[in-house]
Amino acid sequence: MRKAVAVLAAVAMMGVAGPVAVSSANAADAPAAAQVAAQITVNFKYTDKQGNVTWTSHAEGVAGGSFADFEKQAVADHGTPSLDGYKFTGWTDNKSLFYAPGSTEPVKAGVDLYPAYVQDPAAEQATVKFHYTNKSGDVVKTVEVEGDKGAAFSEFTKDAKYETPSLAGYKFTGWATLDLSQFFKADSADKVTGDLDVYSQYVQDPTAEQVTLTFHGKDGQPGWPVRVTLDKGSVFSEFAKGLDGYALPSLPGYTLKGWSYKDNGPVFEADVHMDSSIDVFPVFEQNPVEQVTVSFHGRDGQPGWPVQVTLDKGSKFYEFQNKFDKTVPTVDGFDFVGWSKDIHNVDADHLIDSLYEVNDSIDAFPVYVAAEQPAPAKVNVAFLDKDGDVLANRDGHAGDLFGSFAAPEAPTVPGKVFTGWALPGGALAEEGYVVNGDLTVTATYKNVYQPQPQFPWWGNWWNAFQHWWGSWTQWGHGWWW
């Protein structure tokens, strides 16, 4: 509505001072018969806001006569032009002529003139919201039309945005408020005095032909097919509502996309009109598969790590490992035993199970345990006395220190003192000596030094005498006593 009015208003604002002058420089040379003023007709065409001609007044007069004389005839016939919300500014041929109301400018020739308007800024506006409904009464579309407050309802339905409602099997009757207190036919002259919400109204068409859509399930699903019958021309979404209460076809890993006239065919749009009875089949689309990533880390920032493996959500951890194409870092003295997803618990008690379902992206850290060392060989240490007899045997392991073997108590030898256990080469075995094989050690001694007392010469003689006497008396005992 506003677009058409704006065009008229623009014409009125062109600022044309008056009709285009016609030169009469050679009029005096014309024959006398040509000098007689010709009769002309000015057609005053009254229009609505859309520019549609609603009335034409024919004003007659002589060429060159005052515009006001022609205008008076039109006003007497149909009045001064008016439109709600606009001001009338004059008359125009929508090209180059413009006459202000009551203008005395001469009209040289017959012409069609149209009223020119400018919008009245003081005019109040009203908005009519046209709500288009389906058979269930649900609003499927709303069109808003703005116009002058007090204008006829028909002025709003003339707007370019407005469309006459249609519904298969029904006849459109008009518009009504939600409470049905007001009803308007599309061409109603009732005035719109304020903002208004109206809803499309219908009556069933008894002559409407009906069609049936047969909805099929998936692979013999129980309860299917389902048949829905409606008026010919009903939109597909109306038929689909007939499936309410039924368990719709399903397929694992897929979503029901819609319905088609053949398997995996193009899906019917909701607003397509169905004009014949047909079979329809479910169409599925594969659900998008979410993916997750396992980031395998190296050892302490080792270059080339982490290595990322991405698979479908729910894949087993071993599947990520199978896609892992990098050698696990080695650590001297340790064995790699698996992966942990907890950087704070990288140990054998927190290994990721190979069957673990990975549903979120995780980090995996290598877990190592100390490598098992082979048990050291057993060795024996034989402890011998000075004569080579075994005093004791002690068992241990290769690499043990000699001091860790419990040595027996060495026998006492008169006049000698024990000095230690001698190795086969004669050197004494120190406590820190490493025993790497069977070993024999022997008790070792040294003489004890006893200094003799010193006497004067007579003392030595006396000692000798005592020794002789003792020996003689001992012999004598055998003979005499």
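Worth knowing before you read on, the calculation uses all heavy atoms, side chains too, and leaves out hydrogens, waters and symmetry mates. We number each residue from 1, following the sequence as shown.
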Do you know which two heavy atoms are closest between [X] and [Y], and how far apart they sit?
X: Thr229; Y: Thr212; answer: OG1-OG1, 2.6 Å
X: Trp224; Y: Gly217; answer: CB-N, 3.5 Å
X: Pro266; Y: Tyr261; answer: CG-CE2, 3.9 Å

Could you tell me the separation between the [atom1] atom of [X] and the [atom2] atom of [Y], rounded to the nearest 0.5 Å?
X: Phe268; Y: Trp259; atom1: CZ; atom2: CH2; answer: 11.5 Å
X: Thr47; Y: Trp55; atom1: OG1; atom2: CH2; answer: 15.0 Å
X: Asn264; Y: Phe284; atom1: CG; atom2: CZ; answer: 9.5 Å
X: Thr255; Y: Leu248; atom1: OG1; atom2: CG; answer: 12.0 Å
X: Asp363; Y: Phe296; atom1: CG; atom2: CZ; answer: 10.5 Å
X: Asp353; Y: Leu355; atom1: CG; atom2: CG; answer: 5.0 Å

(message) Donor-acceptor check, side chain of Thr173 to backbone of Gln201, threshold 3.5 angstrom: yes or no?
(response)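 The answer is yes, because a donor-acceptor pair under 3.5 Å joins these two groups.
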
With sequence neighbours left out, what residues match [X] under side-chain contact (heavy atoms from CB on, under 4.5 Å)?
X: Asp400; value: His397, Ser404, Phe405
X: Ala398; value: Ala377, Val379
X: Thr54; value: Tyr46, Asp48
X: Ala407; value: Phe383, Trp421

For residues [X] and [Y], is any side-chain donor paired with an opposing acceptor at under 3.5 Å?
X: Ser154; Y: Ser188; result: no
X: His350; Y: Ser340; result: no
X: Thr56; Y: Asn43; result: no
X: Ser354; Y: Tyr356; result: no

[Y] side chain reached by [X] side chain, heavy atoms, under 4.5 Å:
X: Val128; Y: Thr157; result: no
X: Tyr368; Y: Val337; result: no
X: Arg299; Y: Trp305; result: no

(request) Indicate yes or no: does Lys141 engage Asp271 in a salt bridge with an N to O separation below 4.0 Å. (result)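 Result for this pair is no, no salt bridge flagged.
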
Other residues, nucleotides and ligands only: do more than 12 of their heavy atoms fall within 6.0 Å of [atom1] on [X]?
X: Lys161; atom1: NZ; answer: yes
X: Asp179; atom1: CG; answer: yes
X: Tyr246; atom1: OH; answer: no

(request) State which residues pass side chain to side chain donor-acceptor pair (under 3.5 Å) with Thr164; sequence neighbours excluded, sorted by chain then number. (result)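 Counting only residues at least two positions away or on another chain, Thr164 forms no side chain to side chain donor-acceptor pair (under 3.5 Å).
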
Is there any salt bridge (Lys or Arg N to Asp or Glu O under 4.0 Å) pair reaching into [range], and which pairs are they, with sequence neighbours excluded?
range: residues 404-419; result: none
range: residues 373-399; result: none
range: residues 187-215; result: Glu209-Lys232

(message) By the definition ring pair (Phe, Tyr, Trp, His ring centres under 6.0 Å), identify the one residue from Phe172, Phe184, Trp175 that meets it with Phe130.
(response)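 The ring pair (Phe, Tyr, Trp, His ring centres under 6.0 Å) with Phe130 is passed solely by Trp175 among Phe172, Phe184, Trp175.
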
Please identify each residue that fulfils salt bridge (Lys or Arg N to Asp or Glu O under 4.0 Å) with [X], with sequence neighbours left out.
X: Lys446; answer: none
X: Lys185; answer: none
X: Lys149; answer: Glu124

(message) Set out, in order, the CA-CA distance, both residues' side-chain angles and the distance that settles ring-ring contact (aromatic ring centres under 6.0 Å, His included) for Trp91 and Phe44, then state yes or no.
(response) CA-CA 8 Å; Trp91 296 90; Phe44 290 86; 4.8 Å; yes

(message) I'd like to know whether Val294 forms a side-chain contact (heavy atoms from CB on, under 4.5 Å) with Val358, so could you lay out the CA-CA distance, the side-chain angles of the two residues, the decisive distance to 0.1 Å, and finally the verdict.
(response) CA-CA 8 Å; Val294 174; Val358 183; 4.0 Å; yes

N/O donor-acceptor pairs under 3.5 Å from side chains in residues 306-321, not counting sequence neighbours:
| unit_1 | atom_1 | unit_2 | atom_2 | d |
| --- | --- | --- | --- | --- |
| Gln308 | NE2 | Ser295 | OG | 3.2 |
| Thr310 | OG1 | Thr293 | OG1 | 2.7 |
| Asp312 | OD1 | Gln291 | NE2 | 3.3 |
| Ser315 | OG | Asp312 | O | 2.7 |
| Glu319 | OE1 | Lys316 | N | 2.7 |

(message) Using salt bridge (Lys or Arg N to Asp or Glu O under 4.0 Å), reason through Lys95 and Asp112 one step at a time and then give a plain yes or no.
(response) CA-CA 11 Å; Lys95 296 177 182 178; Asp112 291 337; over 6 Å; no

